[in-house]
Chemist: 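Supplied in structure tokens, the structure appears directly below.
The basis for the numbers below is simple: all heavy atoms, side chains too, and nothing from hydrogens, waters or symmetry mates. Here is how names work: the chains are called A, B, and so on, in the same order as the sequence lines, proteins then strands, and each is numbered from 1.
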2 protein chains.
Amino acid sequence: MTNSTTDDRRGWTQNPEGVKRDILAVAVSEFAARGFSGAKVDDIVARTQTSKRMIYYYFGDKKGLYMRALEAAYLKVREGEAALDLGDLPPLEALSTLVAFTFDHHRENPDFIRMVMIENIHQAEALSASEKIRKLNVAAIDKLREICERGEKEGVFRHGLDPIALHWQISAASFFNVSNRPTFSALFGADVFTEDGQSHLRKQTVEAILAIAQPEAPL
Amino acid sequence: MTNSTTDDRRGWTQNPEGVKRDILAVAVSEFAARGFSGAKVDDIVARTQTSKRMIYYYFGDKKGLYMRALEAAYLKVREGEAALDLGDLPPLEALSTLVAFTFDHHRENPDFIRMVMIENIHQAEALSASEKIRKLNVAAIDKLREICERGEKEGVFRHGLDPIALHWQISAASFFNVSNRPTFSALFGADVFTEDGQSHLRKQTVEAILAIAQPEAPL
DNA sequence: AGAAAAATGTTCTTGGTAGTACATTTGTAT
DNA sequence: ATACAAATGTACTACCAAGAACATTTTTCT
């Protein structure tokens with residue numbers, strides 16, 4: 001029996017997997033909070049059960065750690081998404097469910113959002129280098145593609161609907177809602193981030209997405 | 001006659017305003033490119049006509065410089081927005097013009113977008129401290145508020161339309177389009193960022209915004 | 001002209017931070 | 001049990017980068 005899934009490090013037993021997970025969890029949180037240069041290896045290690053030595057032992061250098069942290073963040077979030085099943089819902093409901101779910105899911109994963117923000121600041125350098133992440137995301141859009149196809153076939157969606165453009169729209173709203181909360185609320189007040197404000201935005205976003213998916217209303 | 005508006009520093013004449021502007025311009029670009037901790041004062045100064053000494057002379061410290069750079073970025077962008085006049089357009093056209101304009105304007109000011117991204121990483125700390133910026137932005141939303149009021153009165157917009165929520169929607173699309181380009185194109189291809197892709201998104205975004213502004217279509 | 005103030009150049013210092021060297025302990029295979 | 005490998009602890013180094021000290025030049029004001 002291996003201890004690779006349990007997290008206990010009673011006393012002073014070796015626990016490589018546990019150590020790695022410990023480091024990664026803290027690293028995600030620190031990188032997300034302060035960015036790549038802003039995060040300090042010493043600060044990360046301070047929040048850890050282990051020593052700086054282990055970071056370099058397992059991850060090589062700060063960049064290596066960052067990369068693995070990014071992968072971990074993506075992995076966790078995409079796992080959460082995969083849990084959503086809308087197989088037998090009719091296209092319209094499937095789409096609005098997906099939008100509302102994405103909106104909420106992003107809100108629940110602010111660290112992931114922040115990692116992506118940081119990655120964008122750095123021109124997606126690490127992300128581009130990660131085969132692992134790219135594979136994850138191809139799958140992420142399949143669900144949406146399938147909805148589009150069904151909707152088109154049934155005539156409830158417009159023809160030639162581009163799933164990637166639609167995904168862009170869904171992501172834009174859901175992402176911005178988390179990423180820009182600090183500046184937006186500083187400038188325009190926090191009303192839209194109250195519970196009521198957020199349900200309103202969620203509903204509004206669903207409506208907006210449905211509008212561009214459905215055939216244009218005749219004037 | 002003062003030399004505060006001209007930028008020439010022939011030979012070795014003093015030119016405080018020119019020096020400040022020189023530094024600020026480079027600072028915006030560097031901070032936008034590398035973030036607060038990522039940007040190095042020495043790198044900034046290297047791209048400047050002046051010396052490190054002057055940065056500390058005029059801006060106190062790195063944070064002071066960052067703050068002024070942020071203000072400069074906001075100022076420039078809001079000036080560009082103010083140039084847009086849609087006073088006599090009917091509400092629907094005014095709104096779609098505003099959306100399309102914002103979409104394009106953000107694209108044309110990537111450094112501004114990146115400064116805001118960085119500010120969001122840092123919880124809008126500097127922005128909150130800047131009276132100057134907050135004032136600018138109150139004005140930014142007036143235009144939209146006025147459109148909403150007219151549209152409501154004329155019955156072409158739904159009742160109780162919240163200008164701030166609408167601004168959120170417009171910003172989300174326009175901002176995300178620039179901020180997340182690196183990761184989005186790394187994951188899903190660059191098609192949506194070609195000229196054709198962008199016009200499609202712009203049109204789609206206008207349509208989405210109009211849909212949530214107009215009265216709901218009867219089923 | 002001369003003094004004071006503003007603006008700029010040059011050099012140095014000090015703290016922080018990524019990464020390393022060296023030593024030791026724990027687990028595993030023969 | 002012993003040797004070897006994997007995992008971990010502790011102390012150190014080297015450098016980078018923010019900011020300061022000190023010196024000089026330009027401008028302005030009387």
Side-chain angles (χ1 to χ4, degrees), chain A residues 1-27 30-31 33-69 118 122 125-126, chain B residues 1-27 30-31 33-69 118 122 125-126:
Chain A
M1 183 201 308
T2 166
N3 60 1
S4 65
T5 45
T6 62
D7 206 350
D8 57 318
R9 351 184 25 225
R10 61 226 173 277
W12 163 222
T13 323
Q14 287 185 180
N15 184 2
E17 295 307 315
V19 167
K20 277 188 239 178
R21 259 179 299 114
D22 186 13
I23 293 174
L24 272 183
V26 176
E30 278 289 311
F31 281 128
R34 313 193 201 285
F36 179 77
S37 325
K40 307 299 166 187
V41 175
D42 287 304
D43 291 351
I44 292 175
V45 100
R47 291 177 47 194
T48 283
Q49 305 294 92
T50 90
S51 71
K52 191 151 124 180
R53 179 73 181 73
M54 297 285 85
I55 289 186
Y56 291 95
Y57 184 62
Y58 285 123
F59 302 99
D61 58 7
K62 190 179 177 182
K63 240 179 182 167
L65 176 60
Y66 172 78
M67 188 140 172
R68 302 283 301 274
I118 288 157
H122 296 112
E125 199 188 309
Chain B
M1 182 201 311
T2 166
N3 60 0
S4 65
T5 43
T6 60
D7 206 350
D8 56 319
R9 357 184 17 229
R10 62 228 172 276
W12 164 220
T13 320
Q14 287 185 182
N15 185 0
E17 296 307 315
V19 167
K20 278 188 238 176
R21 259 179 298 114
D22 185 12
I23 294 174
L24 272 182
V26 176
E30 278 289 310
F31 281 127
R34 311 194 200 287
F36 179 77
S37 325
K40 307 299 168 188
V41 175
D42 288 307
D43 292 351
I44 292 175
V45 98
R47 289 178 48 195
T48 283
Q49 305 295 92
T50 90
S51 71
K52 190 152 119 179
R53 179 72 182 74
M54 300 319 300
I55 288 186
Y56 291 95
Y57 184 63
Y58 284 123
F59 302 99
D61 59 6
K62 189 180 178 182
K63 241 179 181 168
L65 176 60
Y66 172 76
M67 189 139 170
R68 302 284 301 273
I118 288 158
H122 296 112
E125 199 188 310

Chemist: Does any N or O in the side chain of B:Asp22 come within less than 3.5 Å of the main-chain N or O of B:Thr48, such that one atom is a donor and the other an acceptor?
Modeler: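 Side chain of B:Asp22 to backbone of B:Thr48: no pair is present.
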Chemist: Under 30°, 30 to 60°, or over 60°: which ring-plane class applies to B:Phe36 and B:Tyr66, parallel, tilted or perpendicular?
Modeler: perpendicular
Chemist: Which nucleotide, C:dG19, D:dA7, D:dG19, lies nearest any side-chain atom of A:Asp61?
Modeler: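 The answer is C:dG19.
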Chemist: Whole angstrom is fine here: how far is it from CD1 in A:Ile44 over to C1' in C:dT17?
Modeler: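 Rounding to the nearest Å, CD1 of A:Ile44 and C1' of C:dT17 are 12 Å apart.
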Chemist: Rounding to a whole Å, what distance do you find between B:Met54:CE and D:dT25:C1'?
Modeler: 12 Å
Chemist: If you check every side-chain atom of A:Asp42, which of C:dT17, D:dT8, C:dT8 has the closest atom?
Modeler: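 The answer is C:dT17, which lies nearest to the side chain.
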Chemist: Figure out the CZ/P separation between B:Phe59 and D:dA18, and round it to whole Å.
Modeler: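 Roughly 16 Å, once rounded to whole Å.
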Chemist: In whole angstrom, give the distance that lies between atom CG of A:Leu65 and atom C1' of C:dG19.
Modeler: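 In whole Å, C:dG19 C1' and A:Leu65 CG are 13 Å from each other.
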Chemist: Take A:Asp43 and B:Ser51, find for each the nucleotide of DNA chain C with the closest heavy atom, and name the residue whose nucleotide sits nearer the 5' end.
Modeler: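 Whichever sits nearer the 5' end wins; that is B:Ser51.
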Chemist: Between D:dA7, C:dG19, D:dT10, which one does the side chain of A:Lys52 approach most closely?
Modeler: C:dG19
Chemist: Among the candidates D:dT10, C:dG9, D:dA6, find the nucleotide nearest to the side-chain atoms of B:Thr50.
Modeler: C:dG9
Chemist: Should the side chain of A:Lys40 and the base of C:dA18 be counted as holding a donor-acceptor pair, with the cut-off at 3.5 Å?
Modeler: no
Chemist: Within this structure, what is the CZ-to-C1' distance between A:Arg53 and D:dA6, rounded to whole angstrom?
Modeler: 11 Å
Chemist: Rounded to the Å, how far apart are A:Lys20 NZ and D:dT8 C1'?
Modeler: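 Roughly 14 Å, once rounded to whole Å.
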Chemist: Are OP1 or OP2 of C:dT8 and a side-chain N or O of B:Tyr58 less than 4.0 angstrom apart?
Modeler: yes
Chemist: Stepwise, does the side chain to side chain contact (heavy atoms under 4.5 Å, CB included) test hold for A:Val41 with A:Tyr56?
Modeler: CA-CA 10 Å; A:Val41 175; A:Tyr56 291 95; 3.8 Å; yes
Chemist: Could you measure the distance from the CD atom of B:Glu125 to the NZ atom of B:Lys63? Nearest 0.5 Å is fine.
Modeler: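 Reported value, rounded in 0.5 Å steps: 4.5 Å.
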Chemist: Between B:Arg21 and B:Glu17, does any side-chain N to carboxylate O distance fall below 4.0 Å?
Modeler: no
Chemist: Roughly how many Å is it from NZ in A:Lys62 to P in C:dT20, rounded to a whole number?
Modeler: 14 Å
Chemist: Rounded to the nearest Å, what distance is computed from the OH atom of residue A:Tyr57 to the C1' atom of nucleotide C:dG19?
Modeler: 17 Å
